[in-house]
Amino acid sequence: MNQKTLANWLRAVVVLAACAGVLVYGVVIPNVGLRTAERNPEYAYCFWPWLLFLLATAVPCYLVLWQGWKILSAVRRDESFTRENARRLGTVSKLAAFDAAFLFAGSLIFLLLGMSHPG
């Protein structure tokens, strides 16, 4: 398999990951939140803060997919091992670390505010 074919397959994987993210962030998370608010009315006020917080966690994920798309474009042009791709991979790692820290800090803040999940 040459680099162009590999890059095209991996681009399809990036598109599928983006679609899966839209499904999770746009359908699954809001529906789970609404059902939780219906089953536990005392936590209904937490729905919008949590929904907005979880949607904010999607931003770094989509930035990672965008960087991956750029890397795959370079691979497609047979420019796999370049400084620019190394910089992009560094950006991906920083975005992943930021997203993990943001999710942890936000969850901790919600816990301290008494807005954590009912379980």
Side-chain angles (χ1 to χ4, degrees):
M1 181 178 299
N2 64 15
Q3 283 187 311
K4 191 174 183 179
T5 306
L6 177 64
N8 288 337
W9 276 104
L10 291 174
R11 278 181 162 188
V13 170
V14 168
V15 169
L16 287 174
C19 292
V22 168
L23 181 69
V24 168
Y25 283 105
V27 177
V28 174
I29 290 175
N31 285 333
V32 168
L34 285 172
R35 278 187 283 147
T36 302
E38 288 171 2
R39 290 182 187 153
N40 304 288
E42 67 274 14
Y43 285 99
Y45 73 98
C46 300
F47 172 73
W48 283 105
W50 267 102
L51 181 63
L52 294 175
F53 169 65
L54 291 174
L55 290 177
T57 64
V59 173
C61 296
Y62 280 94
L63 291 174
V64 164
L65 290 175
W66 179 52
Q67 290 295 319
W69 188 268
K70 291 166 100 177
I71 290 170
L72 292 172
S73 295
V75 168
R76 194 168 190 270
R77 292 188 309 268
D78 202 20
E79 298 172 3
S80 301
F81 300 102
T82 62
R83 288 192 191 275
E84 189 62 27
N85 278 348
R87 186 189 62 75
R88 289 178 182 135
L89 284 173
T91 301
V92 166
S93 68
K94 289 173 188 166
L95 285 167
F98 170 77
D99 197 34
F102 181 67
L103 186 61
F104 177 76
S107 296
L108 186 63
I109 289 169
F110 281 134
L111 177 68
L112 294 175
L113 291 174
M115 296 175 71
S116 193
H117 59 82

Measure across [X] and [Y] and return the closest heavy-atom pair with its distance rounded to 0.1 Å.
{"X": "Ala7", "Y": "Val75", "value": "CB-CG1, 4.2 Å"}
{"X": "Tyr25", "Y": "Leu54", "value": "CE2-O, 3.1 Å"}
{"X": "Ala56", "Y": "Phe102", "value": "CB-CE2, 3.9 Å"}
{"X": "Ala44", "Y": "Ala37", "value": "CA-CB, 3.9 Å"}
{"X": "Pro49", "Y": "Cys46", "value": "CD-O, 3.3 Å"}

- How long is the gap from CG on Asn40 to CZ on Phe47, to the nearest 0.5 Å?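 That separation rounds to 13.5 Å.
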- Task: Give a yes or no on whether Tyr45 atom OH has more than 12 heavy-atom contacts from other residues, nucleotides or ligands under 6.0 Å away.
- Result: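 Enclosed: over 12 neighbouring heavy atoms sit under 6.0 Å from OH of Tyr45.
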- Item | side chain to side chain contact (heavy atoms under 4.5 Å, CB included) between Val32 and Arg35, worked out | CA-CA 5 Å; Val32 168; Arg35 278 187 283 147; 3.6 Å; yes
List the atom pairs, with distances to 0.1 Å, where a side-chain N or O of residues 87-98 and a protein N or O form a donor-acceptor pair under 3.5 Å, not counting sequence neighbours.
| from | atom 1 | to | atom 2 | distance (Å) |
| --- | --- | --- | --- | --- |
| Arg87 | NE | Glu84 | OE2 | 3.2 |
| Arg87 | NH2 | Glu84 | OE2 | 2.3 |
| Arg88 | NH1 | Asn85 | OD1 | 3.1 |
| Thr91 | OG1 | Arg87 | O | 3.1 |
| Ser93 | OG | Gly90 | O | 2.8 |

- Side-chain heavy atoms under 4.5 angstrom apart, residues restricted to Ile, Leu, Val, Met, Phe, Trp, Tyr: same cluster for Trp9 and Leu72?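 Yes.
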- Item | Expected output: side-chain Trp50 to main-chain Phe110 donor-acceptor under 3.5 Å |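 Not at all, since once roles are kept as given, no pair shorter than 3.5 Å links the two residues.
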- Query: Just by distance, with hydrogens left out, do Thr5 and Asn2 show a side-chain donor and acceptor under 3.5 Å apart?
  - Reply: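 Looking only at side-chain atoms, Asn2 and Thr5 do form a donor-acceptor pair, the distance falling under 3.5 Å.
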- Qualifying side-chain hydrogen bond (donor to acceptor under 3.5 Å, both in side chains) pairs with a residue from residues 65-74, counting only residues at least two apart or across chains: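 Found Arg11-Ser73.
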